[in-house]
There are 2 protein chains.
Amino acid sequence: MPRLARDHQPTPLPAAAIDRTMRAPEQVYRVLRTAIVSLAIPPGSALSEGEVGAAYAVSRTPVREAFARLAEERLLDVFPNLGTFVSLIDPRLIGEAILIRRLLEGEAVSQAAASRDPALISEMSQALADHAEAVAAGDAAAAYQCDERFHRALFAHQGLDQMWASVDRARAQLERVHHLMVAQRGALGDALAKHRAILSALGRGDPYAAHAAMHVHIEANAVFLDRLASHSHPFVRMP
Amino acid sequence: MPRLARDHQPTPLPAAAIDRTMRAPEQVYRVLRTAIVSLAIPPGSALSEGEVGAAYAVSRTPVREAFARLAEERLLDVFPNLGTFVSLIDPRLIGEAILIRRLLEGEAVSQAAASRDPALISEMSQALADHAEAVAAGDAAAAYQCDERFHRALFAHQGLDQMWASVDRARAQLERVHHLMVAQRGALGDALAKHRAILSALGRGDPYAAHAAMHVHIEANAVFLDRLASHSHPFVRMP
DNA sequence: TCTCAAAAACCTGTATACCGGTACTCCGGT
DNA sequence: ACCGGAGTACCGGTATACAGGTTTTTGAGA
């Protein structure tokens, strides 16, 4: 059942300038997606094409395209003739996202270990170092970006673009959970140790160990899922 | 480098009526996607928003939305200010699609075997029976629909919607290869034996056997991939 | 006939206008 | 004070108009 638009106070849209040299829909999509997955726009918020267009000085047409992409990856719920709303966190989707990531990233890291690509090791080491630095500085946004760099490198260096696209959609759902948990309890640097284990296995060129380390890393999110389902929270969809 | 729009003769668009009670973009998307993956619109064809809109008596706006979705799953290539073209079959994407399907469908069939859901077995049995009938009748389109039903049931009965979405994107790429191979050499009923093996393992509730059978089934597509890369063909992107 | 530049004909990207439909408001009857 | 229904404001869906850019055409001049 759609929540009613009038029940909500004005949605806080992040300030951003749209560069006219690049395609507007892509930029609007990026801005909104970042804001949604970081919980800057809380789940349940009402958005409207006109409102967003006015905020970024573009017309409804590019906004509409951005909305369509966000709706396809389940970050928005569109109710025709009614309104568009940031989707609530759905534990069912979260469980599926964990599964997708485990399967696809497990394979990617296995292949990567077998390939023994020095450039990949180098890139991931750099991402890990930057990640540790961001965690030490307490910068959650930078930390998550480094986390993404670390994981994306696995796919990018082997040309697995489609697989990364699927992983990225799964990450979008999980990122909101992650932010929720980091906000509730300071679990910012939890991934660092796991990343070191993965990198170590990669350095040894051990596909089995790399796969196992990745499995442990991804499945660690399952504890969040349990906590999500047990406690009631306005951001979380209840069964 | 984009192929030039004027180099192509008028693209044959399938006849279809758009029902105004349902959303137009969805229907246009469905019609075009079916036509593209069945090779009714050959790879390399030029499409234009205006042309498609005129063909189905809708404006460019819903067509544009359909184009955006098709471009995202790599069935269209959009070149701004130039034209939009049905993408060539890319062997790299095909290899990735096979991998994605093997990983995700392998997991789904394992879970399904463990769940021992009689309704699932029933649905898949029916799909298999219809599939055999369509093959006997030589109806390629019906056969492929039954194939899809068989595989989709694995996900639908366990609520794995996101995983199916990823599999479906992979299938879109593979379906064109499949049609090409069936056209060149009558390999229409090749999947039937594999489906029976999968269903048998499911009936026994044996996750390992089910997983293995699915692995064999999906990897059978790899022989197509080799043939694709070795022979030159106007529908296939060359490295 | 050949060359080359101007202009017409396309394309997609963006803005704007209109439509049908839903939810909220508010006023009048009770 | 309560209830109901008409009016209104707002939303997304669609159509259309305009802008920026690339390709093809074309025709004037040599």
Side-chain angles (χ1 to χ4, degrees), chain A residues 1-11 13 17-32 44-72 75-87, chain B residues 1-11 13 17-32 44-72 75-87:
Chain A
M1 218 52 175
R3 301 154 298 302
L4 274 37
R6 312 298 196 292
D7 292 353
H8 295 260
Q9 57 237 28
T11 297
L13 288 172
I18 265 60
D19 180 356
R20 287 318 178 77
T21 66
M22 289 188 286
R23 289 192 61 221
E26 175 70 21
Q27 296 180 70
V28 173
Y29 166 76
R30 283 285 152 209
V31 169
L32 290 181
S45 301
L47 291 180
S48 86
E49 297 177 353
E51 183 188 339
V52 172
Y56 300 122
V58 296
S59 79
R60 281 182 52 208
T61 310
V63 174
R64 188 174 176 71
E65 193 170 319
F67 273 30
R69 289 180 64 180
L70 293 167
E72 202 164 52
L75 290 174
L76 289 183
D77 291 330
V78 179
F79 300 95
N81 304 331
L82 234 168
T84 298
F85 307 86
V86 177
S87 68
Chain B
M1 222 50 177
R3 293 134 337 280
L4 273 38
R6 313 295 197 294
D7 291 354
H8 295 259
Q9 57 236 30
T11 298
L13 288 172
I18 266 58
D19 179 357
R20 287 318 179 76
T21 65
M22 288 188 285
R23 289 194 59 215
E26 174 71 20
Q27 296 180 72
V28 173
Y29 166 76
R30 284 285 151 209
V31 168
L32 290 181
S45 302
L47 289 181
S48 85
E49 298 175 353
E51 182 188 341
V52 172
Y56 299 122
V58 296
S59 80
R60 280 182 54 208
T61 310
V63 175
R64 189 173 174 72
E65 193 171 318
F67 274 29
R69 289 180 64 180
L70 293 166
E72 202 163 54
L75 290 174
L76 290 183
D77 291 330
V78 178
F79 300 96
N81 304 330
L82 230 169
T84 299
F85 306 86
V86 177
S87 68

Student: Any side-chain heavy atom of A/Glu65 sitting closer than 4.5 Å to one from A/Arg23?
Tutor: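 Yes; the side chains approach each other to less than 4.5 Å.
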Student: Nucleotides 13-16 of chain C: which of its N/O atoms have a protein N/O under 3.5 Å away?
Tutor:
unit_1: C/dG13; atom_1: OP1; unit_2: A/Arg23; atom_2: NE; d: 3.4
unit_1: C/dG13; atom_1: OP2; unit_2: B/Arg64; atom_2: NH1; d: 2.6
unit_1: C/dG13; atom_1: OP2; unit_2: B/Arg64; atom_2: NH2; d: 2.7
unit_1: C/dG13; atom_1: N7; unit_2: B/Arg60; atom_2: NH2; d: 3.0
unit_1: C/dG13; atom_1: O6; unit_2: B/Arg60; atom_2: NH1; d: 2.9
unit_1: C/dT14; atom_1: OP1; unit_2: A/Ala24; atom_2: N; d: 3.0
unit_1: C/dA15; atom_1: OP1; unit_2: A/Arg20; atom_2: NH2; d: 3.2
unit_1: C/dA15; atom_1: OP2; unit_2: A/Ser59; atom_2: N; d: 2.6
unit_1: C/dA15; atom_1: OP2; unit_2: A/Ser59; atom_2: OG; d: 2.9
unit_1: C/dA15; atom_1: N7; unit_2: A/Thr61; atom_2: OG1; d: 2.8

Student: At under 4.0 Å between heavy atoms, what does A/Ile18 touch on the DNA or RNA strands: base, sugar-phosphate, or nothing?
Tutor: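 Touches nothing.
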Student: With pairs taken as Watson-Crick or G-U wobble and both distances under 3.5 angstrom, which stems of at least three consecutive pairs involve DNA chain C?
Tutor: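 Paired runs of 3+ in DNA chain C: C:1-30 with D:1-30.
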Student: Output all residues satisfying side-chain hydrogen bond (donor to acceptor under 3.5 Å, both in side chains) with B/Arg60, sequence neighbours left out; order by chain, then residue number.
Tutor: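 If we apply the side-chain hydrogen bond (donor to acceptor under 3.5 Å, both in side chains) test to B/Arg60, skipping adjacent residues, the hits are B/Glu49.
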Student: Heavy atoms, side chains only, cut-off 4.5 Å: are B/Val86 and B/Leu76 in contact?
Tutor: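 B/Val86 vs B/Leu76: side chains touch.
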Student: Which whole-number value in Å describes the distance from B/Phe85 CZ to C/dT12 C1'?
Tutor: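 Distance, rounded to whole Å: 11 Å.
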Student: Please check if the side chain of A/Thr84 supplies one atom and the backbone of A/Ser48 the other of a donor-acceptor pair under 3.5 Å.
Tutor: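 A pair under 3.5 Å: no.
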Student: What is the distance, rounded to the nearest whole Å, between atom CG of B/Asp77 and atom C1' of C/dT12?
Tutor: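 B/Asp77 atom CG is separated from C/dT12 atom C1' by 14 Å.
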Student: Under 4.0 Å between a Lys/Arg side-chain N and an Asp/Glu carboxylate O for B/Arg69 and B/Glu26?
Tutor: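 The answer is yes: the pair qualifies as a salt bridge.
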Student: Determine: side-chain N/O of A/Thr84 to OP1/OP2 of D/dC11, distance under 4.0 Å, yes or no.
Tutor: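 So the side chain of A/Thr84 is outside the cut-off, no N or O lying under 4.0 Å from OP1 or OP2 of D/dC11.
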Student: Quickly work out the A/Phe67 CZ to D/dG13 C1' distance and round it to whole Å.
Tutor: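 In whole Å, D/dG13 C1' and A/Phe67 CZ are 14 Å from each other.
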Student: How long is the line joining CD of B/Glu26 and P of D/dT14, in whole Å?
Tutor: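 For the pair B/Glu26 CD and D/dT14 P, the rounded distance is 11 Å.
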Student: Measure CG/B/Asp19 against C1'/D/dG13 and give the value in whole Å, please.
Tutor: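 It works out to 14 Å between those atoms.
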